[in-house]
Amino acid sequence: MAQPVVSVFLRGFLSGGLVSSALFGIYSYNNNANLAIESGIHVEYQESLTDPSYKLRGDQILKYGVPDRGPDVRYYRNHALTYDQSRKSPIWVAEHLNKEVLTGSANRKHSKFKPDVNIPEMYNAANSDFYKSGWSRGHMAPAGDNKFDQVAMDESFYLSNIVPQDLNNNGQFWNKLEMYTRDLVQTKGYSDVWVVTGPIVRSTIEENGKKFVKYEVIGKNEVPVPTHLYKIILAETGDKQTKLIGAFVVPNQPIQHDHTLRQYQVTLEDLQIWTGINFFPKLDKSTTKNLCDVDQCKLLSREQFELYFIGRKLDSARNISRLEKVWSELDEKNLKPDQFLIELYNRKKSEIDLKEKEE
DNA sequence: CGGTGCTTTGGT
DNA sequence: ACCAAAGCACCG
């Protein structure tokens with residue numbers, strides 16, 4: 001947790017107008033933070049670093065240690081990350097989930113994707129980089145992990161927390177993985193879950209048998225498109241007796257519902273080799289068990305997944321035609337509504353009938 | 001839940 | 001007259 005101290009130190013230096021050539025190996029005298037950044041000294045004011053509530057939350061997020069790669073750790077209301085300035089992408093993003101942060105009324109409809117105000121303009125990605133690129137804007141720390149606070153949810157929409165992600169992957173398989181992670185807290189009795197998520201580029205073999213690292217870049221800022229995304233889940237029971245850990249590497253492409261999460265499980269050691277990151281340096285790995293051996297790592301089935309969203313869409317329907325259209329999806333997709341869904345449909349129908357009669 | 005995209009609004 | 005933001009409909 002040395003970073004805040006370093007930041008305060010450098011901030012004092014910069015405001016004093018002197019950047020020491022002895023310390024930084026450059027021969028410049030300036031009081032301009034941007035010039036310092038261009039010189040390779042990356043530091044700028046971050047309100048979150050001086051706000052005790054953020055610091056407190058950050059200590060929880062990083063309870064098992066700061067992943068030991070990345071020059072600085074940035075703390076947000078409910079996530080922490082290191083950022084790759086040259087690639088305009090996160091390196092890793094960490095969160096701590098419990099019932100508190102998963103409960104509340106924050107709504108993603110009130111949030112907007114936008115450049116991170118805590119990152120210098122020249123190192124920031126932009127919405128225009130993603131527009132018509134063929135790639136969607138995929139959260140690393142999910143918006144849905146921030147129901148407790150609208151500001152926290154808004155911060156998850158900073159582009160420092162976003163990478164280019166296949167739209168189908170983002171909305172389906174990756175979405176189910178995020179739901180699974182929350183479910184460990186919400187229904188499976190794990191009081192605390194620590195998650196580290198990030199982009200990764202894996203090599204591919206070409207015709208001549210040689211291996212290359214190759215990835216698309218999008219937009220004016222050339223934001224890299226990762227070939228895969230990784231996620232590490234550490235689940236702990238309230239009595240601290242059980243610690244489960246699972247690491248997953250998922251291809252950044254459409255993945256059908258018949259694929260299991262276990263197919264994409266890797267060892268923590270392999271992921272450490274591929275990323276160069278030691279993820280939970282303070283965690284005694286000998287006390288952990290394989291998450292998928294204990295829990296089975298079962299994602300929602302296609303049927304469960306689609307019924308869930310039909311329910312949400314019925315709930316948000318505002319007129320009869322929309323309600324009936326959503327209801328007809330059940331037949332189209334060969335789905336059988338459960339009692340909950342039938343009651344929801346009937347309740348919405350009478351609500352809308354009543355409202356339309358008044359007009 | 002995860003997203004995109006078209007239309008309307010509003011500021012210069 | 002223009003462009004960016006906001007609002008709303010829609011998709012899996």
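Within every chain, numbering begins at 1; the chains are lettered A, B, ... in the order of the sequence lines, protein sequences first and strands thereafter.
Per the geometry, CG belonging to A:D166 stands 17 Å off P belonging to B:dG2, to the nearest Å. Between the NZ atom of A:K313 and the P atom of C:dG12 there is a distance of 7 Å, rounded to whole Å. Atom pair A:L300:CG and B:dC1:P shows a separation of 14 Å (rounding to whole Å applied). B:dG3 atom P lies 12 Å from atom CZ of A:F305, rounded to whole Å. Per the geometry, CG belonging to A:N175 stands 4 Å off C1' belonging to B:dC1, to the nearest Å. The separation between A:N169 atom CG and B:dC1 atom C1' is 14 Å, rounded to whole Å. For the pair A:L167 CG and C:dC10 P, the computed distance is 18 Å after rounding to whole Å. Rounding to whole angstrom units, NZ of residue A:K114 and P of C:dA4 are separated by 17 Å.
Residue contacts for A:Q165: at a heavy-atom cut-off of 4.0 Å it reaches no nucleic acid atom on any strand shown. Contacts of A:K325 with the nucleic acid, taken as non-hydrogen atoms under 4.0 Å apart, involve only primed sugar atoms and P, OP1 or OP2. A:K333 comes within 4.0 angstrom of no nucleic acid atom, judged by non-hydrogen atoms across all strands. Contact annotation for A:K176: no contact, since no heavy-atom pair falls under 4.0 Å across all strands. Residue A:R182 is in sugar-phosphate contact alone, with no base atom involved, counting any heavy-atom pair closer than 4.0 Å across all strands shown.
The distance between the ring centers of A:Y264 and A:F173 falls below 6.0 angstrom. Aromatic ring centroids of A:H228 and A:F248 lie 6.0 Å or more apart.
Classification of A:R347 and A:E343 as a salt-bridged pair fails, no side-chain N sitting under 4.0 Å from a carboxylate O. Using a 4.0 Å cut-off between charged nitrogen and carboxylate oxygen, A:K285 and A:E269 do not count as a salt-bridge pair.
Under a 3.5 Å cut-off, the side chain of A:N98 and the backbone N or O of A:V101 do form a donor-acceptor pair.
In this structure, A:W174 does not pack face-to-face on the six-membered ring of B:dG2, missing the 5.5 Å centre cutoff or the 30° plane limit.
In this structure, of B:dC1, C:dA5, B:dG3, it is B:dC1 that holds the atom nearest to the side chain of A:Y308. Of the candidates C:dG12, B:dC1, B:dG3, B:dG3 carries the atom nearest the A:F113 side chain, counting heavy atoms from C-beta on. If you check B:dG3, B:dG2, C:dA5 against the side chain of A:K112, the one that comes closest is C:dA5.
A:R108 has a side-chain polar atom (N or O) that falls below the 4.0 Å cut-off from OP1 or OP2 of B:dG3. Regarding contacts with the backbone of B:dG3, every side-chain N or O of A:R137 stays at 4.0 angstrom or more from both OP1 and OP2. Within the structure, every side-chain polar atom (N or O) of A:H110 is placed at least 4.0 Å from both OP1 and OP2 of C:dA6. Contact annotation: A:N168 side-chain N/O to C:dG12 OP1/OP2 distance is not under 4.0 Å. In terms of phosphate contacts, A:K109 brings no side-chain nitrogen or oxygen within less than 4.0 Å of OP1 or OP2 of B:dG3.
A residue-by-residue look at A:Y131 and A:D145 shows that A:D145 has its nearest nucleotide of DNA chain B further toward the 5' end.
No donor-acceptor contact under 3.5 angstrom links the side chains of A:N146 and A:R77, judged on distance only.
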